[in-house]
Amino acid sequence: MFLLHQEGMTLREIARRLGVSRNTVRAVIRNKGEMPDSTRRDKIKIDADLLKRLYEECDGWIQRVYEKLAEEEGIQVKYSTLTRMLRDLGIGRPQETRCGREPDKPGVEFQHDTSVYQIKLADIPNRLIASLMYLRYSKRRYLRFYRVFNRFRMKCFLHEGLMIWGHAAPVCIIDNTNLARLSGTGRNAVIVPEMEAFAKQYGFCFVCHEKGHANRKAGEERSFYTVETNFFPGRRFESLEDLNQQAFEWSTVRMDNRPMAKTGLIPAKAFEHERAYLVKLSPHLPPPYLVHERGTDQYGYASFDGNYYWVPGTKRDDVKVLEYGDRLKIYPVRKCPAEYPGRKCLAEYLLPADGVKNQLFSPEGMPKPRHQPNNRRKPTQEEEKRLRAMSQTVDAYLDFVLKAESGIQRHRFVRELFALTSRMTSSVFIQTIERALRYRITSIETLERIALLYMSQGAQTLPCVDVDESFHQRDAYLEGSLTDAPDFSLYDKMLEEDDG
């Protein structure tokens with residue numbers, strides 16, 4: 001640079017030709033082409049015995065070791081340098097080592113794990129459990145979400161995923177979950193006999209990784225990261241069924257045919273190669289199920305999970321309800337399907353959608369039962385809606401009564417209040433409610449006396465109404481037939497008092 005400068009070349013041209021900055025060129029010219037000698041400071045040396053003694057005195061707190069070196073020993077050292085010195089001496093927390101490296105061979109293993117997420121269904125946050133299965137070599141995935149994940153749900157999920165693949169690897173790597181592990185951890189884990197027998201049907205066994213070594217199933221952990229960064233963003237879910245449908249298409253269609261980022265591997269094509277090394281599954285493997293014993297009421301209904309299922313026939317014996325992952329089967333209690341595989345079930349139902357409760361179900365292709373179940377809950381949403389629509393006063397009164405901590409039976413009170421509207425005019429009813437709201441009255445009997453007082457003082461009479469005899473066929477009448485019949489005894493009392 002100095003010679004080129006002496007030949008008359010400009011600083012800009014020297015910097016451009018040599019690929020250096022102009023400040024560098026100026027510094028070289030300033031020193032007339034000679035580079036200054038730079039001597040490095042000697043490394044700070046601290047006696048190893050001193051470090052060990054201070055580390056013991058401070059109970060392993062390196063920050064205190066750093067402070068005592070400066071305050072008591074007069075040694076100024078950077079904190080990062082101190083931690084490096086301690087690591088070099090083997091003092092402090094040992095560095096985490098890899099739990100092991102397993103060769104990536106076809107047909108060796110698949111992995112399973114769960115993770116909890118807060119997911120919006122129709123803009124309402126819900127706590128859901130994601131269950132994901134991962135075939136290690138070909139990178140195939142199967143994803144599904146549950147509100148509750150127990151041992152039965154785990155068996156249903158594994159059955160569904162393995163039947164979709166049609167094959168299984170001989171080993172399933174899991175964490176130390178008590179859903180499959182009875183005792184012990186890692187290589188010493190003892191698998192629950194029920195789960196061990198379940199896995200044997202599909203030709204694999206459960207293996208727990210060592211405690212704290214979640215990276216043993218790193219492909220599974222990475223898959224959950226992919227769910228968080230690729231499946232959730234930009235998607236909207238209306239219900240749990242919609243969420244699982246989108247998860248199914250994402251995991252078995254989209255991700256199966258998408259090349260991996262680094263290797264370019266396509267899971268669907270890699271699976272074609274791995275298939276020869278896997279255990280082929282029979283398409284007739286029976287799905288897992290739970291047995292529930294239920295009684296039937298006088299109208300032939302058996303209750304299960306908040307809904308009512310009609311059992312065809314005239315017998316009203318106890319039944320066995322077999323719960324599968326997606327359906328129910330009902331058998332006579334003395335005819336277990338395992339003992340009598342040729343026995344025809346009494347009824348079979350698909351499980352209702354998530355959140356459906358207090359509904360009646362009957363077999364398709366058969367006439368619907370004429371009667372309602374004995375113990376079916378009678379909701380009062382429609383009655384409450386009609387009451388609130390009458391006036392703002394009634395709306396405010398319902399808010400006061402239903403939120404009051406007075407032991408009010410909500411549904412019973414709403415039914416009785418709604419029945420009261422059919423026994424007087426709207427104006428009398430609203431006047432009664434205004435007075436009840438003013439004096440904080442919650443008794444139906446008191447409301448009746450207030451209404452009777454208004455009718456007697458104001459000479460209120462019920463208007464005559466032309467009755468259309470076809471009212472039995474109206475939708476409103478059919479809908480209201482489910483509510484309790486109105487009590488007209490009040491008018492009998494009024495007539496008796498007038499006669500007296």
Side-chain angles (χ1 to χ4, degrees), residues 121-128 145-148 150 152-153 237-244 289-313 316-331 345-389 398-399 401-403 407-419 421 475-486:
L121 302 179
D123 296 327
I124 300 175
N126 289 263
R127 180 185 181 274
L128 300 176
F145 293 86
Y146 298 86
R147 290 196 180 276
V148 177
N150 49 28
F152 172 64
R153 298 299 174 197
F237 313 110
E238 296 299 331
S239 63
L240 183 59
E241 289 74 25
D242 180 35
L243 170 63
N244 280 326
Y289 61 84
L290 280 180
V291 180
H292 308 271
E293 292 194 4
R294 293 289 188 273
T296 55
D297 63 12
Q298 59 183 339
Y299 301 118
Y301 288 96
S303 62
F304 179 79
D305 195 24
N307 292 304
Y308 299 88
Y309 299 87
W310 188 62
V311 182
R316 297 299 175 246
D317 299 331
D318 292 346
V319 294
K320 282 187 176 180
V321 179
L322 271 60
E323 178 189 5
Y324 293 85
D326 61 342
R327 65 188 65 241
L328 297 177
K329 291 185 178 181
I330 302 178
Y331 288 86
C345 67
L346 297 175
E348 182 175 350
Y349 296 96
L350 291 176
L351 287 174
D354 175 62
V356 174
K357 300 294 181 183
N358 201 36
Q359 297 299 313
L360 310 181
F361 296 93
S362 58
E364 293 184 3
M366 297 184 67
K368 291 187 177 182
R370 292 168 30 184
H371 302 284
Q372 300 286 325
N374 253 354
N375 300 320
R376 186 188 185 190
R377 292 182 179 179
K378 298 179 180 179
T380 56
Q381 289 88 346
E382 186 61 30
E383 289 90 337
E384 184 176 341
K385 181 179 178 181
R386 293 184 183 180
L387 286 170
R388 292 183 181 276
L398 284 173
D399 289 338
V401 174
L402 300 180
K403 292 180 181 179
I408 293 292
Q409 296 182 6
R410 180 189 185 98
H411 298 295
R412 180 177 179 179
F413 183 84
V414 172
R415 289 193 193 96
E416 291 179 349
L417 190 64
F418 184 73
T421 62
D475 293 338
Y477 178 85
L478 296 175
E479 183 180 357
S481 62
L482 300 178
T483 60
D484 297 332

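Numbering starts at 1 and runs along the sequence shown.
Taking the charged nitrogens against the carboxylate oxygens, Lys329 and Glu323 have no contact shorter than 4.0 Å, which rules out a salt bridge.
With a 4.5 Å cut-off on side-chain heavy atoms, Asp354 and Arg147 count as touching. Using a 4.5 Å heavy-atom cutoff, the side chains of Arg388 and Glu384 are in contact. Residues Asp318 and Glu293 are not in side-chain contact: their nearest non-hydrogen atoms beyond the backbone lie 4.5 Å or more apart. Side chains of Gln372 and Leu360 form a contact here, defined as non-hydrogen atoms less than 4.5 Å apart. Taking 4.5 Å as the limit, every side-chain heavy atom of Pro369 sits out of range of all side-chain heavy atoms of Tyr299. You'll find the side chain of Ser303 stays beyond 4.5 Å of the side chain of Pro373, heavy atoms only. Using a 4.5 Å cut-off on side-chain heavy atoms (C-beta onward), Leu243 and Leu128 make contact.
Atoms OH and CG, from Tyr301 and Asn307 in turn, are 12.0 Å apart once rounded to the nearest 0.5 Å. In this structure, OH on Tyr324 lies 10.0 Å from CG on Asp326, to the nearest 0.5 angstrom. Note that the SG atom of Cys345 and the CD1 atom of Ile330 stand 8.0 Å from one another [nearest 0.5 Å]. Taking CD from Glu416 and OG1 from Thr380, the interatomic distance works out to 11.5 Å, rounded to the nearest 0.5 Å. Rounded to the nearest 0.5 Å, atoms NZ (Lys403) and CG (Leu398) are 11.0 Å apart. Atom-to-atom distance recorded for Leu290:CG and Asn150:CG is 7.5 Å, nearest 0.5 angstrom.
Scored by the ring pair (Phe, Tyr, Trp, His ring centres under 6.0 Å) test, His411 finds no partners at all (sequence neighbours excluded). Remark: Ala353 pairs with Glu241, Val356 by the side chain to side chain contact (heavy atoms under 4.5 Å, CB included) rule, at least two apart or across chains. Remark: Arg316 pairs with Thr296 by the side chain to side chain contact (heavy atoms under 4.5 Å, CB included) rule, at least two apart or across chains. Leu350 is linked by a side chain to side chain contact (heavy atoms under 4.5 Å, CB included) to Arg327, counting only residues two or more places apart in sequence or in another chain.
Applying the side chain to side chain donor-acceptor pair (under 3.5 Å) definition to pairs two or more places apart or across chains, those involving residues 356-370 are Asp305-Lys357. Pairs engaging residues 350-370 under the ring pair (Phe, Tyr, Trp, His ring centres under 6.0 Å) rule: Tyr309-Phe361 [sequence neighbours left out].
Within 6.0 Å of CZ on Arg412 lie no more than 12 heavy atoms contributed by other residues, nucleotides or ligands.
For the pair Arg153 and Gly325, the tightest heavy-atom approach, listed with the atom from each and the gap, is NH1-O, 4.4 Å. The two residues Ala302 and Val311 make their nearest non-hydrogen contact at CB-CG2, 4.2 Å.
Asn244 contributes no side-chain N or O that, together with a main-chain N or O of Asp242, makes up a donor-acceptor pair within less than 3.5 Å. A donor-acceptor pair under 3.5 Å is absent between the side-chain atoms of Tyr331 and the main chain of Ala347, judged by distance alone.
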If you apply the rule side-chain contact (heavy atoms from CB on, under 4.5 Å), what do you find for Tyr349 with Trp310, and how did you get there? CA-CA 10 Å; Tyr349 296 96; Trp310 188 62; 4.1 Å; yes
